[in-house]
Every structure is written in structure tokens, then in C-alpha cells.
Amino acid sequence: MKYSKEELDLIQQLDQYAANKKITYYKAIPQELYQEMKAMMRSVKFEGSLQEYFEYLGYIFNPVSKYPKSSTEITALLLQHYPSRSITNLENVDRNLYYIIQDKALQNMMDIPEYIHQLGFKFVFHSNIYPHSPSYYIGTSEKEYINRLNRLFPEGTIVIEELIEKNSWLFKNINYLRQIRSIQTIDEQLEFFGFKVLRRWNG
């Protein structure tokens, strides 16, 4: 297959998130790269769907519906990665699985570590490995999130489980932001925003 230089650059970036050439969940790809890919489709006048373009670039695309959803399936896959049942660096070891676990946890009104604990695993905080140092930055998105948080928690103290109960969409967006910023935990991100952070569940 003959690709343009720009497409080869795109493939090199995609390989960081799908080294095995399998894509099971769109959210496993950063939003910026996702938008870059859509722009590339337009620039090369690709006639077909995003899934077909993934396949054209050499990736196997399996819809999320084919990816483990039940607790039993999730547990089995976690055991493949972590036979010791000690979870470290999950969002980089298997980002697809991380986002599915996040959605599953939020459906049950809990954070990822608590859900993983209920599956019989230990979640190791501050174990993520990032290629860059943490980036502490207040931009437009951050200001909007801070405003929303101030309305939800005017006293300045955030209980993680209450944030999930009150606005799981906001939780997911802040959690995604802190990954982009290479910040270890959502607690640390919220503290940077100026809030005191508590958890009902502390492992």
C-alpha cells in the first residue's frame, strides 16, 4: 500500500496507541489525533467511513460491542495483563480496557479504583508512566470545568463519588484532560484547580 508522507506520519502516531494494529475503542485515541485523522480523510478525498479509513491504513477495527463488557470478561482480560492482581499503569498498558472500565464504574456510580477493587484487584495509585512531565495549565477548558465545579461544590471540597453522582460527564472530561496533561490522578488535577479532594472509598 502506498501512503503519502502525511499518512505515514499519522500511522506512526496511531501506532503509539494501537501498536498491535487493533483498534477496539475510539476513545483510546486522543481527541487531537482523532480530529487529525478526520482532516486527513478530507484532504486525500477518501471515499468511505472512518472505520474503512482505519482499515485502509492497516488497522483492524473491532467495534466496542465486540470488546469485553461483562465483569467476568473484564476480569479475565485484567488477569492476562496482571496475573498478580496488582493494577499498575492500566491506562497505558491497555487504554481500550481502561475506558471500558471507566464507563462500567461510572454506571455503578463509583470511580475506577473502587470498581477494580470489587473485581478482586488492587489498584496502585501514582503508577502511570507518561512520556512527558506533568503539565499544569489553566486554559479555556480548564476555566469552564472550574466554573462548573464551583457551582457543584461552592464550599471548595469535592468528594469524588459525589462528583460522579452529580455530573459523571464532567468527571470523564476532567479525567481525560489530566491524562493529556500527564497528571497521575484526578485528585491531583482537582487539587491543582484549587479544591480539597476527599473519597468515600479509600481502598
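Along the sequence shown, residues carry numbers from 1.
- Here salt bridge (Lys or Arg N to Asp or Glu O under 4.0 Å) pairs that include residues 138-158, with residues two or more places apart or in two chains, are Glu142-Arg181, Glu144-Arg148.
- Listed for the Lys166 side chain is a donor-acceptor partner under 3.5 Å among the backbone atoms of Leu152.
- In this structure, the side chain to side chain contact (heavy atoms under 4.5 Å, CB included) partners of Asn89, at least two apart in sequence or on a different chain, are Asn92, Val93, Asn128, Ile129.
- The pair Arg200-Glu165 counts as a salt bridge, with a side-chain nitrogen and a carboxylate oxygen less than 4.0 angstrom apart.
- With sequence neighbours left out, the side chain to side chain donor-acceptor pair (under 3.5 Å) criterion links Asp187 to Arg199.
- For Gln189, the side chain to side chain donor-acceptor pair (under 3.5 Å) criterion is met by no residue, not counting sequence neighbours.
- For His132, the side chain to side chain contact (heavy atoms under 4.5 Å, CB included) partners two or more places apart in sequence, or in a different chain, are Ser182.
- For Leu79, the side chain to side chain contact (heavy atoms under 4.5 Å, CB included) criterion is met by Thr75, Arg85, Phe121, not counting sequence neighbours.
- The side chain to side chain contact (heavy atoms under 4.5 Å, CB included) search around Val44 returns Glu7, Met40, Phe46, Tyr53, not counting sequence neighbours.
- Sorted by first and then second residue, the salt bridge (Lys or Arg N to Asp or Glu O under 4.0 Å) pairs involving residues 35-52 (not counting sequence neighbours) form an empty list.
- Heavy atoms of other residues, nucleotides or ligands lying less than 6.0 angstrom from CZ of Phe125 number more than 12.
- Tyr82 pairs by the side chain to side chain donor-acceptor pair (under 3.5 Å) definition with nothing, not counting sequence neighbours.
- By the side chain to side chain donor-acceptor pair (under 3.5 Å) test, Ser127 is found to be paired with no residue, residues two or more places apart in sequence or in another chain being considered.
- No donor-acceptor distance shorter than 3.5 angstrom exists from the side chain of Tyr59 to the backbone of Leu14, with no hydrogens or angles considered.
- Residues passing the ring-ring contact (aromatic ring centres under 6.0 Å, His included) test with Phe192, sequence neighbours excluded: Tyr136.
- Hydrophobic cluster membership of Tyr130, counting Ile, Leu, Val, Met, Phe, Trp and Tyr whose side-chain heavy atoms lie under 4.5 Å apart directly or via other members: none, as it forms a cluster of its own.
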